[in-house]
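Below you'll find the structure, written out as structure tokens, and then a few comments.
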Number of protein chains: 2
Amino acid sequence: MLSDRLVKLRKSKKLTQQGLADKLQITRSSLSQYEIGKRQPDYGTLKKIADFFEVTTDYLLDHSNEKSMVQEHKTSYNLTDDPDLQIAFKDASDFSEEARKQAIDFIKYLKEKEKEKGRIHKDKDNN
Amino acid sequence: MLSDRLVKLRKSKKLTQQGLADKLQITRSSLSQYEIGKRQPDYGTLKKIADFFEVTTDYLLDHSNEKSMVQEHKTSYNLTDDPDLQIAFKDASDFSEEARKQAIDFIKYLKEKEKEKGRIHKDKDNN
DNA sequence: TAACTAAGAAATTCTTAGCCC
DNA sequence: GGGCTAAGAATTTCTTAGTTA
């Protein structure tokens, strides 16, 4: 919920409602309503809030969607289209160093195998 | 702008306004207004749209903030700094579907092993 | 001082119907 | 069919002032 996150973010910066309202160029009354969940700011204000606290609007709106995150991740970093592979990569990033090395080595092994396969017959995979 | 992205996303799925409106449970008139930029959907509808197309709300709102993105990725993905893992991942992106699946499965296996290692006690929940 | 609320004003959105291509 | 628009209804938000702790 926007309200919860807003309160936490504001307090993390040790600001009063008035203080934050000034920064966002809205009235403190409006801000109060957002924090209680009685009103919703327009998209412009939402983006202002996100920029001020340096968070995503998804975070503010409590919108978590793994696939969408991967999608965003992909466009930002130019990675693969395979969502499962992206999730696997994400998971591997959290591994211990040992497990990470095992993953890397296994992929190296697969890479060699792919090379072999390429020599034997032409690739017939369709995406 | 939401409007531009909405049109592109809808057409990428080869849907008419009526078709998408039905999926989102809104009238086609409302959807038309969103696509032209005359109206803005409430947050609930915004999230519905994001979920349906599997994108972030930041993408829909054209909200790009490098710091927030990095923040989000670090908190959501704990993206690794390990360059070897990144290279391995890029290699895997070029694999055949079969090899890619093997890599994914192996990482899943490692993930389970990591879980076991993480907890002292032996839980038997299957996930 | 800091935060919340009430109530009328103002702005925005929704609905319905109709229009254009 | 497919997409856009007008106009009144409905809803939401804003503003101002006031209340509470």
Side-chain angles (χ1 to χ4, degrees), chain A residues 1-65 67-68 71-72 75, chain B residues 1-65 67-68 71-72 75:
Chain A
M1 199 69 101
L2 171 66
S3 51
D4 307 319
R5 308 244 149 139
L6 200 45
V7 175
K8 283 183 187 169
L9 286 169
R10 175 171 63 80
K11 293 191 172 173
S12 77
K13 292 229 171 187
K14 299 196 197 316
L15 286 168
T16 65
Q17 285 186 344
Q18 182 69 68
L20 178 55
D22 291 342
K23 304 257 187 192
L24 300 174
Q25 295 179 303
I26 59 175
T27 64
R28 73 167 182 278
S29 177
S30 289
L31 180 56
S32 177
Q33 318 269 26
Y34 303 155
E35 289 193 352
I36 299 164
K38 274 198 164 186
R39 307 257 194 288
Q40 299 185 325
D42 59 33
Y43 292 162
T45 305
L46 182 73
K47 288 200 265 188
K48 267 191 193 173
I49 295 169
D51 284 336
F52 182 76
F53 290 113
E54 294 179 354
V55 297
T56 61
T57 58
D58 286 277
Y59 175 75
L60 290 176
L61 300 180
D62 200 19
H63 176 255
S64 58
N65 178 324
K67 284 183 182 171
S68 73
Q71 180 68 22
E72 190 76 14
T75 54
Chain B
M1 199 66 99
L2 171 66
S3 52
D4 307 318
R5 309 242 148 141
L6 200 45
V7 175
K8 283 183 187 171
L9 287 168
R10 176 171 62 79
K11 293 192 173 173
S12 76
K13 291 228 172 188
K14 298 196 200 310
L15 286 169
T16 64
Q17 285 187 344
Q18 182 69 68
L20 178 56
D22 290 342
K23 304 256 187 189
L24 300 174
Q25 294 178 305
I26 58 176
T27 64
R28 76 166 181 279
S29 177
S30 289
L31 179 56
S32 177
Q33 318 268 28
Y34 303 155
E35 289 193 353
I36 298 165
K38 275 197 164 186
R39 306 254 195 288
Q40 299 185 323
D42 60 34
Y43 292 161
T45 305
L46 182 73
K47 287 200 264 187
K48 267 191 192 173
I49 294 170
D51 284 336
F52 182 76
F53 290 114
E54 295 177 354
V55 297
T56 60
T57 57
D58 283 280
Y59 176 76
L60 290 177
L61 300 179
D62 198 20
H63 176 255
S64 57
N65 178 324
K67 285 181 182 173
S68 71
Q71 182 66 23
E72 190 76 13
T75 55

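Order of the sequence lines sets the chain letters (A, B, ...), proteins ahead of strands, with each chain counted from 1.
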Just checking A/Ser29: base, sugar-phosphate only, or nothing, at a heavy-atom cut-off of under 4.0 Å? base

Rounded to whole Å, the OH-P distance (B/Tyr43 to D/dT12) equals 14 Å

Notebook entry, point to check: If only atom types and distance count, is the side chain of A/Lys47 paired as donor or acceptor with the main-chain N or O of B/Leu61 below 3.5 Å?
Noted result: yes

When rounded to whole Å, the CG to C1' distance for the pair B/Leu31 and C/dC14 reads 14 Å

A/Leu46 CG to D/dT13 P, in whole Å, measures 13 Å

note: A/Gln18, atom CD; C/dT1, atom P; distance rounded to Å ~ 10 Å

On DNA chain D, more 5' by nearest nucleotide between B/Gln17 and A/Asp42 is B/Gln17

Checking A/Tyr59 side chain against A/Ala50 main chain: does a donor-acceptor pair fall under 3.5 Å? no

Taken to the nearest whole Å, CG/A/Leu20 to C1'/C/dA3 is 13 Å

Using a 4.5 Å cut-off on heavy atoms from C-beta on, say whether the side chain of B/Pro41 contacts that of B/Leu2. yes

Rounded to whole Å, the CD1-P distance (B/Ile26 to C/dT16) equals 14 Å

Numerically ordered, the residues 33-40 of chain B set in heavy-atom contact under 4.0 Å with DNA chain D is B/Ile36, B/Lys38

For A/Asp62, the salt bridge (Lys or Arg N to Asp or Glu O under 4.0 Å) test, sequence neighbours excluded, returns A/Arg5

In whole angstroms, the gap separating P of D/dG1 from CG of B/Leu15 amounts to 16 Å

Could you tell me whether a side-chain N or O of B/Thr57 sits under 3.5 Å from a main-chain N or O of A/Asp58, the two making a donor and an acceptor? yes

Check: Do A/Tyr34 and A/Leu24 touch side chain to side chain, with heavy atoms closer than 4.5 Å?
Finding: no

Note to self: Does a side-chain N or O of B/Ser32 approach OP1 or OP2 of D/dC4 to a distance below 4.0 Å, or not?
What the structure shows: yes

The nucleotide from D/dT15, C/dG18, C/dA2 with an atom nearest the side chain of B/Arg28 is C/dG18

| field | Residue pair A/Leu20 / A/Phe53, side-chain heavy-atom distance below 4.5 Å | value | yes

To the nearest angstrom, the CG-P distance between A/Asp22 and C/dA3 comes to 12 Å

